[in-house]
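Read the structure below first, then the notes.
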Amino acid sequence: MRIDKLLANEGYGSRKEVKQLLKQGAVQNNNCMIKNGKTHIDPINDFITVFGEQVIYKPFVYFMLHKPAGVITATEDNREETVIDLLEPLDQLREPFPVGRLDKDTEGLLLITNDGKLAHQLLSPKKDIGKTYYARIDGKVTEEDVLTFKQGVRLDDGYVTKSARLEIIISDVESEIYVTITEGKYHQVKRMFAAVDKTVIYLKRMAMGDWYLDNQLEKGEYRELDEKEIHYLQHLEAKK
Ligand code: URA
């Protein structure tokens with residue numbers, strides 16, 4: 001890997017600023033000064049320092065985004081704003097992508113990473129990871145719906161969903177609920193309510209397993225995951 005790319009990736013400034021650092025003699029590899037940005041280094045085994053401080057190479061990035069409505073869950077698009085557009089340019093450098101999909105009008109918890117292995121694990125249908133949503137529903141959600149969701153709902157294409165946990169917060173002409181599903185079919189929550197003749201008017205993902213949306217994050221804000229959260233997601237198994 002080129003030293004200028006490593007330093008830009010690790011937040012030492014733009015390519016131009018990094019070039020300046022190199023020119024100044026601030027950068028060393030195994031105690032030898034490097035001045036040429038094109039110099040290839042081994043980011044894992046070489047001992048790189050900037051002004052004497054070690055540069056720690058982090059190949060993967062993990063972000064929790066509070067997705068707002070109005071942006072699409074994609075990496076790039078010609079017309080629409082994507083969740084990746086919400087990241088600072090520096091955080092886009094390592095080409096992170098969203099794990100799973102939330103509809104354009106859905107808000108809430110979204111993992112963005114470049115760790116393909118973790119993404120694959122989290123999306124695997126075998127893992128049965130519970131995704132919990134808060135929703136406002138046009139219509140009175142009843143105990144019968146709770147039972148129907150538990151037994152499995154037949155969607156418009158004939159597919160019968162796996163058992164889902166529906167918890168009523170308010171049951172009225174407009175209801176509020178939490179629902180936990182372990183699958184990720186297209187528009188799944190909306191289609192499950194459509195199957196019981198109700199309409200989702202607001203949808204927000206609150207959690208994946210016991211990994212919760214940080215309530216300090218405003219819509220559109222994101223933060224890096226801490227080690228504990230990364231470890232939790234890497235070892236997340238279905239709760240039986
Ligand atoms: N179910 C939906 O209908 N939409 C989402 O965005 C997520 C789950």
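As the structure lists them, so they are numbered: ligands from 1, and atoms in each ligand from 1. The figures that follow rest on heavy atoms only: side chains count, while hydrogens, waters and symmetry mates do not.
- Applying the side-chain hydrogen bond (donor to acceptor under 3.5 Å, both in side chains) test to pairs two or more places apart or on separate chains, those with a residue in residues 74-92 are Glu80-Lys104, Thr82-Asp85, Asp91-Tyr222.
- In this structure, Tyr12 belongs to a hydrophobic cluster whose other members, linked by side-chain heavy atoms under 4.5 Å apart, are Met1, Ile3, Leu6, Leu7, Val18, Leu21, Leu22, Val27, Ile34, Ile41, Ile44, Ile48, Val50, Phe51, Val55, Tyr57.
- At least one cation-pi condition fails for Lys204 and Tyr133: the charged atom is not both under 6.0 angstrom from the six-membered ring centre and inside a 45 degree cone around its axis.
- Enumerated by chain and number, the residues approaching ligand 1 to less than 4.0 Å through a heavy atom are Leu102, Asp103, Thr106, Tyr133, His187, Gln188, Val189, Lys190, Leu203.
- For the salt bridge (Lys or Arg N to Asp or Glu O under 4.0 Å) with Glu107, the lone residue among Lys67, Arg205, Arg136, Lys219 that qualifies is Lys219.
- In this view, Lys190 and Asp103, Asp105 satisfy the salt bridge (Lys or Arg N to Asp or Glu O under 4.0 Å) rule, not counting sequence neighbours.
- Between Arg94 and Glu10 there is a salt bridge, since a side-chain N of the basic residue sits under 4.0 Å from a carboxylate O of the acidic one.
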